[in-house]
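Reviewing the structure listed below.
Chain A is the first sequence line, chain B the second, and so forth, proteins listed ahead of strands; every chain is numbered from 1.
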Protein chains: 2
Amino acid sequence: MNQQSSTPAGEDTVREQVVRTADRLYYEQGILSVGMDSVRDAAGVSLKRLYSLFASKDELVVAVLRLRQQMLRQGLEAHRDLATDPRERVLSVFDFLDRWFGEPGFRGCGFINAFGELGSRSDDVASVVRETKVDFRTYVEGLVREAGGSDAVALQVVLLAEGAQTTAAITGTPSLIASSARAAAATLLDADLAATA
Amino acid sequence: MNQQSSTPAGEDTVREQVVRTADRLYYEQGILSVGMDSVRDAAGVSLKRLYSLFASKDELVVAVLRLRQQMLRQGLEAHRDLATDPRERVLSVFDFLDRWFGEPGFRGCGFINAFGELGSRSDDVASVVRETKVDFRTYVEGLVREAGGSDAVALQVVLLAEGAQTTAAITGTPSLIASSARAAAATLLDADLAATA
DNA sequence: GACGACCGAGAACGAGCGTTCTCGCTACGG
DNA sequence: CCGTAGCGAGAACGCTCGTTCTCGGTCGTC
């Protein structure tokens, strides 16, 4: 009990801690394989407290996905901000993916996994996943526009990124996948710029 | 009882009928949401018979995925054989996808869905999915080679196809996705041919 | 110092489901 | 005509897991 708790800030911290713990377990083992008991044990809170923070497992899952969405966004933006050239800023998406794929414990896109596990059972989960994918597409469209590209090529870049994630997850040998997708995106972007010029 | 049964051929037919029925239910509702009872009801066989044909649900799932792999292959080849130009034969992959995405009840790639649901629980299922994806990649590499393209561009075509499936499944609005991926593949293939020429 | 509200730990409950068991019928062989 | 093997229908069992309940202790308050 190293938490003073009982302050509103303490509550927020506990909630965040639970979400982070659940995210890790869910991503490692799959959402359906991780029961509330496991979350309780790993997060060190009681079931009662768990259910006072989240009315149901569904709500916890949604909170986890929202956190993950936020972290995804931050990772993308961090890599984007390393580049100044608009073309490079588009391609930074694949640098981010490359780095991610190489991390130990990479198990594919958490949103796609969640959709596969729960998409047909929970409308809330399906909505959050869809929302995230729309966000990602909008993000890429922004970068591509700044590079002078069309929304059509932005969609193609999105398809490459999604395909890279799926393929990296399933084959388990993601070494060349992100760089291959990056090269494809560069070719498509350059062709689009040449065509609309 | 319109089956004379007791002949080996009859057994095969029953088995096939069960696999087909399970495939439909699994694809529509997700594998985890369909119990053996539902398969029994829909296929019109007893549980005993079900378990005499398949030792476990896992075995049934693997059989379903193998059937689906076969049907996928046949669909791809049917579209491929409509074209004679090697470049068009590569792009026929996306004509197949376009047609598939437009079908009522399209719910994404059954293998990716199965992997999301069971990949972390059943090694057999994970293996079959991986195997299918490797097969697909090999198939595309064959087509691309005949068009004079490299394996590198073949991988890029695969990434586009995978990304199209994922995106079409999650957004639920697959109208422009396959044609967009097709155009991207054409651009990449042409660029590769020009580069290696 | 006593009382009451709160909270953690874990038991308990109920539903879903994979798998097996039981029972009764049917059909075939002697 | 009888016995028996096989099979279909569905009950039953055991496990998992989401959710709720119970019990005991603790801490703040009068």
Side-chain angles (χ1 to χ4, degrees), chain A residues 1-15 17-19 21-23 25-26 28-65 114 117-125, chain B residues 1-8 10-15 17-19 21-23 25-26 28-65 114 117-118 120-125:
Chain A
M1 309 308 156
N2 44 8
Q3 297 284 351
Q4 306 300 100
S5 77
S6 87
T7 78
E11 283 300 303
D12 274 7
T13 304
V14 171
R15 186 187 160 96
Q17 169 66 17
V18 169
V19 173
T21 304
D23 177 59
L25 296 178
Y26 287 167
E28 285 173 2
Q29 307 172 34
I31 296 171
L32 290 174
S33 297
V34 176
M36 295 299 264
D37 291 28
S38 303
V39 174
R40 174 199 58 186
D41 293 346
V45 301
S46 68
L47 273 186
K48 210 176 196 178
R49 194 152 172 106
L50 209 46
Y51 276 96
S52 77
L53 292 169
F54 307 95
S56 64
K57 181 173 180 178
D58 240 51
E59 271 195 20
L60 173 57
V61 171
V62 168
V64 164
L65 292 179
E117 284 188 278
L118 296 172
S120 61
R121 299 185 155 193
S122 164
D123 290 341
D124 288 342
V125 170
Chain B
M1 310 300 160
N2 44 8
Q3 296 283 354
Q4 305 302 101
S5 76
S6 85
T7 77
E11 282 302 304
D12 274 7
T13 303
V14 170
R15 187 188 159 95
Q17 169 66 16
V18 168
V19 173
T21 303
D23 177 59
L25 296 178
Y26 287 167
E28 285 172 3
Q29 306 171 36
I31 295 171
L32 291 174
S33 297
V34 176
M36 295 299 265
D37 292 27
S38 302
V39 174
R40 174 200 58 187
D41 293 345
V45 300
S46 68
L47 272 186
K48 208 176 195 176
R49 194 147 171 111
L50 209 47
Y51 277 95
S52 77
L53 292 168
F54 308 93
S56 65
K57 182 173 179 178
D58 240 50
E59 271 195 19
L60 174 56
V61 171
V62 168
V64 163
L65 291 179
E117 285 189 277
L118 297 173
S120 61
R121 299 184 156 194
S122 164
D123 290 341
D124 288 342
V125 169

Is the shortest side-chain heavy-atom distance between [X] and [Y] below 4.5 Å?
X: A:L32; Y: A:L118; result: yes
X: A:L53; Y: A:V19; result: no
X: A:V62; Y: A:F54; result: no

Set of side chain to side chain donor-acceptor pair (under 3.5 Å) partners for [X], sequence neighbours left out:
X: A:S122; result: A:D58
X: A:S38; result: none
X: A:S33; result: B:R121

| field | Degree of bending, the helix from C:dG1-D:dC30 to C:dG30-D:dC1 (end axes from five pairs; round to 10°) | value | 30°
Atom-to-atom span, [atom1] of [X] to [atom2] of [N] - whole angstrom:
X: A:R40; N: C:dC7; atom1: CZ; atom2: C1'; result: 14 Å
X: B:D41; N: D:dG8; atom1: CG; atom2: P; result: 14 Å
X: B:L53; N: D:dC7; atom1: CG; atom2: C1'; result: 13 Å
X: A:L50; N: C:dC7; atom1: CG; atom2: P; result: 14 Å

| task | Please identify each residue that fulfils side chain to side chain contact (heavy atoms under 4.5 Å, CB included) with B:Y51, with sequence neighbours left out. | result | B:M36, B:L47
| Which residues pass the side chain to side chain contact (heavy atoms under 4.5 Å, CB included) test with A:Q17, sequence neighbours left out? | A:T21
| said: When you measure from the side-chain N and O atoms of A:R49 to the phosphate of C:dG8, is any distance below 4.0 Å, counting only OP1 and OP2? | reply: yes
| query | What one-letter contact string describes nucleotides 14-22 of chain C from 5' to 3', where B marks a base within less than 4.0 Å of any protein heavy atom, S marks contact via sugar-phosphate atoms alone, and - marks no contact? | reply | ---SSBB--
